[in-house]
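Counting starts at 1 for both ligands and their atoms, following the listed order. The chain is numbered in sequence order, starting from 1.
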Amino acid sequence: MNNQATYPVSIEGGETRIVASVVSRGVAVGQAVCLYGRKRQFYRIALNSAQIDPELERLDFAVKAATQQLSSLAQPNIEGLPDIVSDIFDVHLLIIQESSLVHSLKEAIKKDKINAEWAIKTVSENYLARYREIPEGHLKENSVDVEDVTQRILNALHNEESVPKLPDNAIIIASEIRPSTLMEFFNDRPAGLVTEHGGWTSHAFIMAREMGIPAVAGIKNVLRQVRTGELVAVDALNGSLIFHPNNATRESLRSLNTNKSELNSEPTLVSGIVKTIDNREITIAANVDKPDLCRRAVEIGSGGIGLLRTEYLFDLLHGLPDEQTQFELFQEVVKAAAGNPIRIRTFDLGIDQISTNTGEGEKNPALGLRAIRLSLSDEDSFRIQLRSILRASFGADVQIVLPLISDINEILRTKEIIESECEKLTKNSIKFGKPKIGAMVEVPAAVLCIDEILHHVEFVCLGTNDLVQYLVAVDRDNESIADRYQTLHPAVIRSVKIVLDAARAAGIPAVVCGEMAGWPFYTPLLIGLGATDLSMNLHSINDVQKIISGIAYSDTLELVDSIRASETASQTEEKLLVFYREKWPHHFPADLVSANTMKVLKNISKN
Ligand code: PEP
Ligand code: MG
């Protein structure tokens, strides 16, 4: 069933506007670059004659790599493995070696002068169209195998040097954007992003905000509505995508753009501390995913790195990085933190993200083998990561965060592994540090067992993005139910309070590090609930800091009291708006009429 949100379309003055959800604020005008692909995303590149032969070589190389992978999968040497498994890979080998597939790909590159990725897309679409015409039966089912093989070649095409340069002012259009794709574009950043899928707390959009790239989401079949090279505009302040924007629109967007809050690199904080009017100290740290951003966080005086999501530091398309690669990158990030505390989270990955298997993934990845569960299920790889963090911690204030803790045994086993790795490092005279160990609190089980968790860790991080998702059972990446992803749900507010109260009673630091911490609308609420440590993306620091220094802690306690009787998220939101208008009209202007937090945000940044 297709239940995606459909948004109104208007056609006026030669341009078409589609209403969309804002997921990273700002505006941009540029040429559309349509992105395709599942694991590795790509777009059409027109080649000149001199680029054809190197492109054919790239393809040959990828075909060889895919053939090698399939040969070993077809003879796995695993006792007890049913023949059917290796038979499938035998069929895939035949497709790659005996069919006309590779020949057709080469012809497409030569004839149409296109990159290998685009050749794979067009050729496989032709193959699949032919399969669709075959009557039901065994042969028809082979289309799945062809898709698998082409996906494997596509994955094998990837290597660092092959990342093509985006055109200037590129507006990426995609069904869904992968965080790894956005990371590839880090140095060559697009002007805007437009997708069909994803919501405010999707990782790709967390990163878009971190990188300052305007983005809108929720546009059904967006790839069918625009072609690469066409002029489009993203209005990620009011929420629309505009095809063929006319001069007047471009002009007005340009003027809006001057309102965009720039990332300030002047120091605005001292050790990350901001005081409320009545002197309550709140520490602001930064969530970062790149060493460069770590340096920026230090420049603006943040209280260190509150969350480093390690899964975005590496290219994981071909598996997990080795110890030296991890060690060197962690060392670079630790150096960039320049003596400030830095919380390194171990990989928060799903099995689908690291498997080279091209087949169907887990049915429920958010409930599957991910994060600490995946790490503990592959202890050798986990030891490699922990060892590299321990080594990079030497002489630095590094702390280790364990994601998705739902069972105390996960903490206990990790601590045993760390201890045994420390012993080995000592034996081998390798220097290492003694990081504090903390847990992400982001599932209901962790909230309910918070006292037990606090017995075994030195700090906790409240991951509100996942906490909301798991508490109210709403997929954070599913735009069609985005209105049900309610940060102000009474269950969320109560959970935050339970965790903050328990941590205070135990004398253990608790850091709020989900997107809730970086959204100014929630700042008074979090402070009233007892938060004293917030970690957020760099672009949020200015706005949140302004709010903190303009409010009194005593008022935030009154605010929390005022919502105690709320039964729903909308009642709470309404009460917050009333309270804000009365107490802090300068921060939350009085012209707010609807209970719409995006409007609040817009008004804040104009001040
Ligand atoms: C969270 O869940 O709130 C969090 C900080 O982690 P992530 O967004 O990476 O899941
Ligand atoms: Mg999380």
Note to self: As an exercise, identify every atom of ligand 1 less than 4.0 angstrom from a heavy atom of Leu307.
What the structure shows: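 Near Leu307, meaning under 4.0 Å from one of its heavy atoms, ligand 1 has 5 (C).
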
Notebook entry, point to check: Hey, which atoms in ligand 1 end up nearer than 4.0 Å to a heavy atom of Gly463?
Noted result: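 Those of ligand 1 that fall under 4.0 Å from Gly463 are 1 (C), 2 (O), 3 (O).
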
Check: Which of parallel (below 30°), tilted (30 to 60°) and perpendicular (above 60°) describes Trp519 and Tyr522?
Finding: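 The arrangement is perpendicular - the two ring planes meet at more than 60°.
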
Check: Between Arg370 and Glu362, is there a salt bridge with N-O shorter than 4.0 Å?
Finding: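 No, Glu362 and Arg370 are not salt-bridged.
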
Check: Hey, are Glu332 and Arg295 close enough for a salt bridge, meaning a charged N less than 4.0 Å from a carboxylate O?
Finding: yes

Item checked: Trace of the ring pair (Phe, Tyr, Trp, His ring centres under 6.0 Å) decision for Phe521 with Tyr580 -> CA-CA 9 Å; Phe521 188 72; Tyr580 291 178; 5.3 Å; yes

Does ligand 1 have an atom that lies less than 4.0 angstrom from a heavy atom of [X]?
X: His203; value: yes
X: Arg476; value: yes
X: Met516; value: no

Next item on the list: For Glu416, look at atom CD and say whether over 12 heavy atoms of other residues, nucleotides or ligands are found less than 6.0 Å away.
Entry: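 Correct, the count exceeds 12.
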
Next item on the list: Write the atom name of the N, O or S atom in Glu442 that is nearest the Mg ion (ligand 2).
Entry: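 Restricting Glu442 to its N, O and S atoms, the minimum distance to the Mg ion (ligand 2) goes to OE1.
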
Margin query: Please give the atom name: the N, O or S atom of Asp466 nearest to the Mg ion (ligand 2).
Written below: OD2

Notebook entry, point to check: What are the two closest heavy atoms between Thr201 and Ile206, and how far apart are they?
Noted result: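 Looking at all heavy atoms of both residues, the shortest contact is O-CD1, 3.5 Å.
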
Notebook entry, point to check: Counting only heavy atoms, which portion of Leu462 has something under 4.0 Å from ligand 1: side chain, backbone, both, or neither?
Noted result: neither

Next item on the list: Using distance alone, determine whether Glu515 and ligand 1 share an N or O pair under 3.5 Å.
Entry: no

Notebook entry, point to check: Any N or O of Arg309 that comes nearer than 3.5 Å to an N or O of ligand 1?
Noted result: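 Arg309 vs ligand 1: N/O contact under 3.5 Å present.
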
Check: Is any N, O or S atom of Asp348 under 2.8 Å away from the Mg ion (ligand 2)?
Finding: no

